[in-house]
**Q** 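Below you'll find the structure I mean.
Note that the coordinates shown come from a computational prediction; the quantities given were computed from them, not determined experimentally.
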Amino acid sequence: MAKQPKVWWNGTTCESPPFVSRADLPSVLYGATVFTTLRVHNGSLEHRLTQWRAHCDRIAQSLHSFDWSEPNWSRLREGCEALKQHYPVLRITVFPDGCELITGRGLPANLAAQQAEGVTLWCSDNPLHGRSQSHHKTGNYLGCYLAMQQAQRHQARDAILTNASGDWLETSTGSLWGYKDGHWWTPPLSAGILPGIQRAWLLEQLTALGQPVIQQPWPRDLPAQFDLLGYTNCVIEYLPVHTVLVGKTKLKYDLNSSAEGTLRGLLATARLES
């Protein structure tokens, strides 16, 4: 049986990329990379939920903003086609000189249970817990990593990041969604959050259903008014939240409503498409 490839590095599969022994590279010294993480649906990069083009466009926009070289896009696609045979989740990393690294992994082992039962989030007020270059997914993820570590110490799945005014922004790995008064809410990009690909897809789908989403800042008193809370990214799709730990306060949210059923229905329908 052929050995399962570990990574794709500049046109070939290998056990580990050669750059790991180069401690002088900007990617090692400064986290100077951009990346995106996609979930391959139905084994196809062209599936609507895989959102291949959106992931490539976001990488290209960041490279243009940083004045970095673009990768060989056809070779990058070839690498993803090779690794998707072994992994449902692919992380594409591009370096300042255009070199590409693709790694694969499985879905979270307990994802189905968390989607059904909901999760706990922990709200951070630590200024160290922020996203570097908030509109770009760069290799400098230290602030998010520290927030996630602290959340796990509170037995929470993820951390909610906030700004200096205490407004809720996003989680360390995804976009926030709330529901109240018959409307879905999500913080605006102008608040300084990542333009999430799953977020953009849901905005488009909900608007098409005649359910436009309210995109306004989330001051610290707003989330307590929501009936529902959840967060999204391309791997988990949508995770409902039953509890948020805010200092010594526990905010509780409903997991059973027709509004949440709408989101789940949109995703379920899209998954069935070829």
**Q** Counting heavy atoms not belonging to Tyr145, are there more than 12 under 6.0 Å from its OH?
**A**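 Counting other residues, nucleotides and ligands, OH of Tyr145 stays at 12 neighbours or fewer.
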
**Q** If you compare all heavy atoms of Thr120 against all heavy atoms of Leu245, which two are closest, and at what distance to 0.1 Å?
**A**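 What the structure gives for the nearest pair is CG2-CG, 3.9 Å.
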
**Q** Hey, what else clusters with Leu266 if you join Ile, Leu, Val, Met, Phe, Trp, Tyr whenever side-chain heavy atoms sit under 4.5 Å?
**A**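 Listed partners: Leu49, Trp177, Tyr179, Trp184, Trp201, Leu202, Leu203, Leu206, Leu209, Val213, Leu228, Tyr238, Leu263, Leu267.
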
**Q** May I ask you to decide if Glu260's main-chain N or O and Ser257's side chain share a donor-acceptor pair within less than 3.5 Å?
**A**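 Present.
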
**Q** Looking at Cys80 and Ile92, what are the two nearest heavy atoms and their distance?
**A**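 Taking Cys80 first and Ile92 second, the nearest heavy atoms are SG-CD1, 3.6 Å.
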
**Q** Might you work through the side chain to side chain donor-acceptor pair (under 3.5 Å) test for Arg39 and Gln198, ending with a clear yes or no?
**A** CA-CA 11 Å; Arg39 177 174 172 178; Gln198 188 77 349; over 6 Å; no

**Q** Flag the pair Glu170 and Arg199 as a salt bridge only when some basic side-chain nitrogen lies within less than 4.0 angstrom of an acidic carboxylate oxygen.
**A**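 No, this pair does not count.
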
**Q** Would Trp168 and Val241 show up in the same hydrophobic cluster when neighbours are defined by side-chain heavy atoms closer than 4.5 Å?
**A**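 Yes, one cluster joins them.
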
**Q** In terms of side-chain heavy atoms, does Trp185 have a donor or acceptor partner in Gln216 at a distance below 3.5 Å?
**A**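 Trp185 vs Gln216: no donor-acceptor pair found between side chains.
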
**Q** Will you find, in the side chains of Arg157 and Tyr231, an N or O donor that is under 3.5 Å from an N or O acceptor?
**A**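 Yes, Tyr231 and Arg157 have a side-chain donor paired with an acceptor closer than 3.5 Å.
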
**Q** Which label fits His47 and His41: parallel for a plane angle under 30°, tilted from 30 to 60°, or perpendicular past 60°?
**A**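 Judged by the thresholds at 30° and 60°, the geometry between His47 and His41 is parallel.
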
**Q** Just how far is it from atom CG of Leu142 to atom CG of Leu128, taken to the nearest 0.5 Å?
**A**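 It is 8.5 Å, given to the nearest 0.5 Å.
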
**Q** I'd like to know whether Ser65 forms a side chain to side chain contact (heavy atoms under 4.5 Å, CB included) with His136, so could you lay out the CA-CA distance, the side-chain angles of the two residues, the decisive distance to 0.1 Å, and finally the verdict.
**A** CA-CA 9 Å; Ser65 295; His136 304 277; 3.6 Å; yes

**Q** Can you tell me how far the NZ atom of Lys252 sits from the CG atom of Leu229, to the nearest 0.5 Å?
**A**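 Taking NZ in Lys252 and CG in Leu229, the distance rounds to 12.5 Å.
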
**Q** Rounded to the nearest 0.5 Å, what separation is found between the CG atom of Asn140 and the OG atom of Ser132?
**A**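 Asn140 CG to Ser132 OG: 4.0 Å, rounded to 0.5 Å.
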
**Q** Run the side chain to side chain contact (heavy atoms under 4.5 Å, CB included) check on Thr262 and Gln211 step by step: do they pass?
**A** CA-CA 10 Å; Thr262 299; Gln211 301 182 30; 4.0 Å; yes

**Q** Which heavy atom of His55 sits nearest a heavy atom of Leu38, and at what distance?
**A**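 Taking His55 first and Leu38 second, the nearest heavy atoms are NE2-CB, 3.4 Å.
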
**Q** Check for a donor-acceptor pair, side chain of Asn110 on one end and backbone N or O of Ala113 on the other, with a separation under 3.5 Å.
**A**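 Absent.
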
**Q** Taking Thr50 for the side chain and Glu46 for the main chain, is one N or O donor matched with an acceptor at less than 3.5 Å?
**A**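 Checking the backbone N and O of Glu46 against the side chain of Thr50, no donor-acceptor pair under 3.5 Å is found.
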
**Q** Please confirm whether the ring centroid of Phe95 lies under 6.0 Å from the ring centroid of Phe35.
**A**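 Ring centroids of Phe95 and Phe35 are no less than 6.0 Å from each other.
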
**Q** For the residue pair Gln61 / Arg58, report whether a side-chain donor-acceptor contact shorter than 3.5 Å exists.
**A**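 Side chains of Arg58 and Gln61: no pair found under 3.5 Å.
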
**Q** Just by modelled atom types, is the Thr138 backbone N or O under 3.5 Å from a matching donor or acceptor in the Gln133 side chain?
**A**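 The answer is no, because no donor-acceptor pair under 3.5 Å joins these two groups.
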
**Q** Enter the distance from Arg77:CZ to Ile102:CD1 here, rounded to the nearest 0.5 Å.
**A**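 CD1 of Ile102 is found 11.0 Å from CZ of Arg77.
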
**Q** Would Leu161 end up clustered with Tyr141 when hydrophobic side chains under 4.5 Å apart are linked, directly or stepwise?
**A**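 No, no single cluster joins them.
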
**Q** Check whether Trp8 and Val34 end up in the same hydrophobic cluster, where Ile, Leu, Val, Met, Phe, Trp and Tyr are linked by side-chain heavy atoms less than 4.5 Å apart.
**A**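 Shared cluster, yes.
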
**Q** A quick test of your reading: do over 12 heavy atoms of other residues, nucleotides or ligands sit less than 6.0 Å from CG of Asp125?
**A**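 No, CG of Asp125 has 12 or fewer neighbouring heavy atoms, counting only those of other groups under 6.0 Å.
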
**Q** Please answer whether the main-chain N or O of Leu176 pairs with a side-chain N or O of Thr186 as donor and acceptor at a distance below 3.5 Å.
**A**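 The answer is yes, because a donor-acceptor pair under 3.5 Å joins these two groups.
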
**Q** If only side-chain N and O atoms count, and only distance matters, is there a donor-acceptor pair under 3.5 Å linking Ser74 with Asn72?
**A**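 Yes - a donor-acceptor pair under 3.5 Å links their side chains.
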
**Q** Taking all non-hydrogen atoms of both residues, which atom of Ile59 and which atom of Thr36 are closest, and how far apart?
**A**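 That closest heavy-atom pairing would be CD1-CG2, 3.6 Å.
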
**Q** Does the side chain of Pro195 reach to within under 4.5 Å of the side chain of His135, using non-hydrogen atoms?
**A**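 Touching, per the 4.5 Å side-chain cut-off.
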
**Q** Which heavy atom in Gly192 sits nearest to a heavy atom in Ser134, and how many Å separate them?
**A**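 Shortest heavy-atom separation between Gly192 and Ser134 comes out as O-CB, 3.2 Å.
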
**Q** List the steps, then state whether salt bridge (charged side-chain N to carboxylate O under 4.0 Å, His left out) holds for Arg271 with Glu237.
**A** CA-CA 11 Å; Arg271 282 190 214 103; Glu237 296 182 339; 2.5 Å; yes

**Q** Measure the acute angle between the ring planes of Trp122 and His154, then classify it against the limits of 30° and 60° as parallel, tilted or perpendicular.
**A**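 Parallel: the ring planes of Trp122 and His154 meet at under 30°.
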
**Q** Going by distance alone, is a donor N or O of one side chain under 3.5 Å from an acceptor N or O of the other, for Thr243 and Lys250?
**A**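 Looking only at side-chain atoms, Lys250 and Thr243 do not form any donor-acceptor pair under 3.5 Å.
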
**Q** Between Trp73 and Leu90, is there a shared hydrophobic cluster once you connect ILVMFWY residues whose side-chain heavy atoms come closer than 4.5 Å?
**A**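 Linked within one cluster.
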
**Q** Could you go through the side chain to side chain contact (heavy atoms under 4.5 Å, CB included) check for Val7 and Cys14 one step at a time?
**A** CA-CA 6 Å; Val7 300; Cys14 54; 3.5 Å; yes

**Q** With a sphere of 6.0 Å drawn around CZ of Arg220, does it hold more than 12 non-hydrogen atoms of other residues, nucleotides or ligands?
**A**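 For Arg220, atom CZ is not crowded (no more than 12 foreign heavy atoms under 6.0 Å).
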
**Q** Evaluate whether atom CG of Asp67 has more than 12 neighbouring non-hydrogen atoms of other residues, nucleotides or ligands under 6.0 angstrom away.
**A**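 No, the 6.0 Å shell around CG holds no more than 12 heavy atoms from other groups.
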
**Q** What I'd like to find out is whether the side chain of Cys99 reaches to under 4.5 Å of the side chain of Pro71, using heavy atoms alone.
**A**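 No - every pair of side-chain heavy atoms lies 4.5 Å or more apart.
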
**Q** Measuring from Gln205:CD to Thr269:OG1, what's the distance to the nearest 0.5 Å?
**A**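 Gln205 atom CD to Thr269 atom OG1 measures 9.5 Å (nearest 0.5 Å).
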
**Q** Say whether Tyr253 and Ile236 are linked into one hydrophobic cluster, either directly or through other cluster members, by side-chain heavy-atom distances under 4.5 angstrom.
**A**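 Yes, one cluster joins them.
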
**Q** In the structure I gave you, are the side-chain heavy atoms of Glu81 and Lys84 within less than 4.5 Å of one another anywhere?
**A**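 Side-chain contact under 4.5 Å: yes.
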
**Q** Kindly give the heavy-atom pair with the smallest separation between Ile193 and Pro187, and that separation in Å.
**A**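 Residues Ile193 and Pro187, closest heavy atoms: CD1-O, 3.4 Å.
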
**Q** Would you say the side chain of Pro108 lies within less than 4.5 Å of the side chain of Val235, judging by non-hydrogen atoms?
**A**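 The answer is yes; the side chains approach within 4.5 Å.
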
**Q** Just checking, is any N or O donor in the side chain of Thr173 or Asp158 under 3.5 Å from an acceptor N or O on the other one?
**A**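 Yes - a donor-acceptor pair under 3.5 Å links their side chains.
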
**Q** Measuring only between side-chain heavy atoms, which start at C-beta, is Glu70 closer than 4.5 Å to Val94?
**A**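 When only atoms from C-beta onward are counted, Val94 and Glu70 do not touch, as no gap falls below 4.5 Å.
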
**Q** Once you round to the nearest 0.5 Å, how far does CD of Gln114 lie from NE2 of His242?
**A**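 NE2 of His242 is found 9.0 Å from CD of Gln114.
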
**Q** Using the side chain to side chain contact (heavy atoms under 4.5 Å, CB included) rule, take Leu239 and Asn233 through it: C-alpha gap first, then chi angles, then the decisive distance, then the call.
**A** CA-CA 9 Å; Leu239 269 187; Asn233 65 40; over 6 Å; no

